[in-house]
S.K.: 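My questions will all concern the structure given below.
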Amino acid sequence: MGYWGYREELSRAHKLRRIYYEVLRDDLDEFVLQYGLVESYDNFKKNNMEYPFVERRELKPRARIPGTEYEEHNAFLIIFIEDTIPAPCKKYIRFFDVNKTVKSNLIASGILDLSDEFDRGWKYLDSIEFSDFMRKLLPVDYALLIQRDPVSRATDRYALSHYHVRIDWPIAEAAEEMGKDLRYIIKDLYERGDKCAEDIQKKFFEMHGLPIMAGGRRTAACVAAQYLKRLNSISTVYVSSSESRCVLRFSERGFSRYALVRLPLSEMLEVAEGNSMNLETFTSNYVIDYEEKDGVCILRVDYDHTPPARPPQDGKIRAIKAETAWTTICNQLIMPKPGVWKYPLLSVNMVYT
């Protein structure tokens, strides 16, 4: 059983809330890919710069990522919770009255000025103005928090409740909790020595698909994803990095990486024919632009955890092995362009070719 509870085990009220959350998350997925990848690509084009495409080898588990940061690439961190975060969690997920999405705070932060119009209804995901409101807040440092509005008791309504949210749970504590869940330690990170503690912390990053020296937002994202497992509801964490040029999505199903890739004409023909469509249909619905004769598409790579990264079936304490891989690729999919309604994701095999 998942820590969050499967839909079949929920009350009818919570089943309905789960469906509503997942529908809203589908829309948020589209928005995030548009802002994080497509609009980042457009930023490079507007500045007459060559877009730094992610090399396919960078999408392999445990791959090294170049350390260059690109200002033109949109970076952000979003936390989307199915329920409302309990007050005691504020110790590590820092959301207070001072960073609520109210007009006085937004003016004080310089996001709005006194002449700007503001409607507090904009913060709700079902508002027609939500996307524009979100765009104003995404450049703000740290994280945006979207959660169920506790005031709307008659219906489940979700709102962007806080901005500039800091994740202050120490990495060592996050790795320690992971180590206990997976039965590599019993009580304390250092109970089996410094070497074991160091290996567990390295594996914590590997389990979330990140290099050990990952930047601040990506580190905050995987720490938040680990911390939110304490809640009895599902959650989704999105992070976009100007260094990795990817969007990462952590959820109850694991993690996925989204990146822009170039497809030569031969590959586009192969993908189209393999999915019973002509080239024109493929390019109209999956290609966001062209680089010379290559099509630019969004590739999604889903990762799964290997047995060492899962709780042992017998529940016994085990030794950690640093050389053993903890993640593996389970899906590679070409995404339709954001806004395309009719066409599905297309299965491909690109990372290892």
Side-chain angles (χ1 to χ4, degrees), residues 20-21 24-25 27-40 42-43 71-153 155-169 215-221 223-224 227-228 235-242 247 249 338:
Y20 185 47
Y21 173 86
L24 292 175
R25 184 167 64 177
D27 288 341
L28 195 56
D29 286 349
E30 291 255 317
F31 176 87
V32 162
L33 294 181
Q34 175 67 29
Y35 182 83
L37 294 179
V38 178
E39 293 181 21
S40 293
D42 291 341
N43 291 341
E71 292 183 3
E72 291 75 18
H73 207 285
N74 294 331
F76 56 83
L77 175 56
I78 303 169
I79 301 171
F80 183 25
I81 311 290
E82 181 187 23
D83 204 344
T84 304
I85 300 183
C89 296
K90 291 181 179 181
K91 181 178 180 182
Y92 298 119
I93 309 289
R94 312 284 286 178
F95 61 103
F96 303 102
D97 288 345
V98 72
N99 59 334
K100 272 187 176 179
T101 51
V102 297
K103 186 173 184 179
S104 57
N105 290 341
L106 297 172
I107 290 173
S109 300
I111 298 167
L112 300 176
D113 58 44
L114 292 172
S115 62
D116 285 334
E117 293 184 8
F118 177 74
D119 185 332
R120 58 186 177 182
W122 293 350
K123 66 182 179 181
Y124 293 103
L125 269 71
D126 55 11
S127 167
I128 196 170
E129 302 289 345
F130 177 78
S131 295
D132 293 334
F133 181 59
M134 187 91 157
R135 287 177 190 279
K136 291 182 179 180
L137 291 174
L138 279 170
V140 178
D141 202 3
Y142 303 119
L144 303 182
L145 174 60
I146 304 172
Q147 58 182 335
R148 187 175 64 84
D149 183 10
V151 177
S152 305
R153 295 182 180 180
T155 59
D156 290 312
R157 202 176 187 198
Y158 290 89
L160 201 171
S161 61
H162 295 78
Y163 66 103
H164 202 75
V165 176
R166 294 183 62 179
I167 314 300
D168 278 347
W169 199 32
R217 278 192 181 88
R218 284 175 292 161
T219 297
V223 167
Y227 184 81
L228 293 171
S235 57
T236 311
V237 180
Y238 303 92
V239 61
S240 176
S241 164
S242 59
V247 172
R249 179 185 186 270

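All residue numbers in this chain count up from 1 along the given sequence.
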S.K.: Side chains of Leu228 and Ile79: closer than 4.5 Å at any heavy-atom pair?
M.R.: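 Yes; the side chains approach each other to less than 4.5 Å.
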
S.K.: With a 4.5 Å cut-off on side-chain heavy atoms, are Ser242 and Glu71 touching?
M.R.: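 No, too far: nothing below the 4.5 Å cut-off.
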
S.K.: Side chains of Ile107 and Phe118: closer than 4.5 Å at any heavy-atom pair?
M.R.: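 Of all side-chain heavy-atom pairs linking Phe118 with Ile107, none is under 4.5 Å.
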
S.K.: Is there a side-chain contact between Leu144 and Tyr163 in this structure, where contact means two heavy atoms from C-beta onward sitting under 4.5 Å apart?
M.R.: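 Counting from C-beta outward, Leu144 and Tyr163 do come under 4.5 Å.
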
S.K.: Taking the side chain as every heavy atom from C-beta outward, state whether Pro338 and Val38 have any atom pair closer than 4.5 Å.
M.R.: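 Yes, their side chains come closer than 4.5 Å.
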
S.K.: Classify the ring geometry between Trp169 and Tyr227 as parallel (under 30°), tilted (30 to 60°) or perpendicular (over 60°).
M.R.: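 Perpendicular.
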
S.K.: Taking the side chain as everything from C-beta on, heavy atoms only, tell me whether Ile146 gets closer than 4.5 Å to Met134.
M.R.: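 With C-beta onward as the side chain, the pair touches.
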
S.K.: Is there any salt bridge (charged side-chain N to carboxylate O under 4.0 Å, His left out) pair reaching into residues 117-134, and which pairs are they, with sequence neighbours excluded?
M.R.: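 Residue pairs passing salt bridge (charged side-chain N to carboxylate O under 4.0 Å, His left out), neighbours aside: Asp126-Arg157.
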
S.K.: Who passes side-chain contact (heavy atoms from CB on, under 4.5 Å) against Glu39, sequence neighbours left out?
M.R.: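 side-chain contact (heavy atoms from CB on, under 4.5 Å) list for Glu39, sorted by chain: Gln34, Tyr35, Asn74, Arg135.
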
S.K.: Please answer whether the main-chain N or O of Ser161 pairs with a side-chain N or O of Gln147 as donor and acceptor at a distance below 3.5 Å.
M.R.: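 Answer holds: no.
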
S.K.: Can you say whether the rings of Phe133 and Trp122 are parallel (under 30°), tilted (30 to 60°) or perpendicular (over 60°)?
M.R.: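 Plane angle between 30° and 60°, so tilted.
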
S.K.: Is the ring pair Tyr20/Tyr158 parallel, tilted or perpendicular, if the boundaries are 30 and 60 degrees?
M.R.: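 Answer is tilted, since the angle falls between 30° and 60°.
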
S.K.: Please check if atom NZ in Lys103 has more than 12 non-hydrogen atoms from other residues, nucleotides or ligands closer than 6.0 Å.
M.R.: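 Counting neighbours around NZ of Lys103, more than 12 heavy atoms of other residues, nucleotides or ligands fall under 6.0 Å, so yes.
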
S.K.: Does NZ or CZ of Lys90 fall inside the cone over Phe95's six-membered ring, less than 6.0 Å from its centre and within 45° of the axis?
M.R.: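 The answer is yes; both the distance and angle limits are met.
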
S.K.: Nearest 0.5 Å, please: how far is OH in Tyr238 from CG in Leu28?
M.R.: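 Answer rounded to 0.5 Å: 4.0 Å.
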
S.K.: Between Leu160 and Thr101, what is the shortest heavy-atom contact and its length?
M.R.: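 In this case the closest contact between Leu160 and Thr101 is O-OG1, 2.7 Å.
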
S.K.: Does the side-chain hydrogen bond (donor to acceptor under 3.5 Å, both in side chains) test come out yes or no for Asp83 and Tyr21, once each step is laid out?
M.R.: CA-CA 9 Å; Asp83 204 344; Tyr21 173 86; over 6 Å; no

S.K.: If you define the side chain from C-beta out and look only at heavy atoms, does anything of Leu77 sit under 4.5 Å from Val237?
M.R.: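 When only atoms from C-beta onward are counted, Val237 and Leu77 do touch, with a gap below 4.5 Å.
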
S.K.: With side chains defined as the heavy atoms from C-beta onward, is the minimum distance between Asn99 and Arg166 less than 4.5 Å?
M.R.: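 No, too far: nothing below the 4.5 Å cut-off.
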
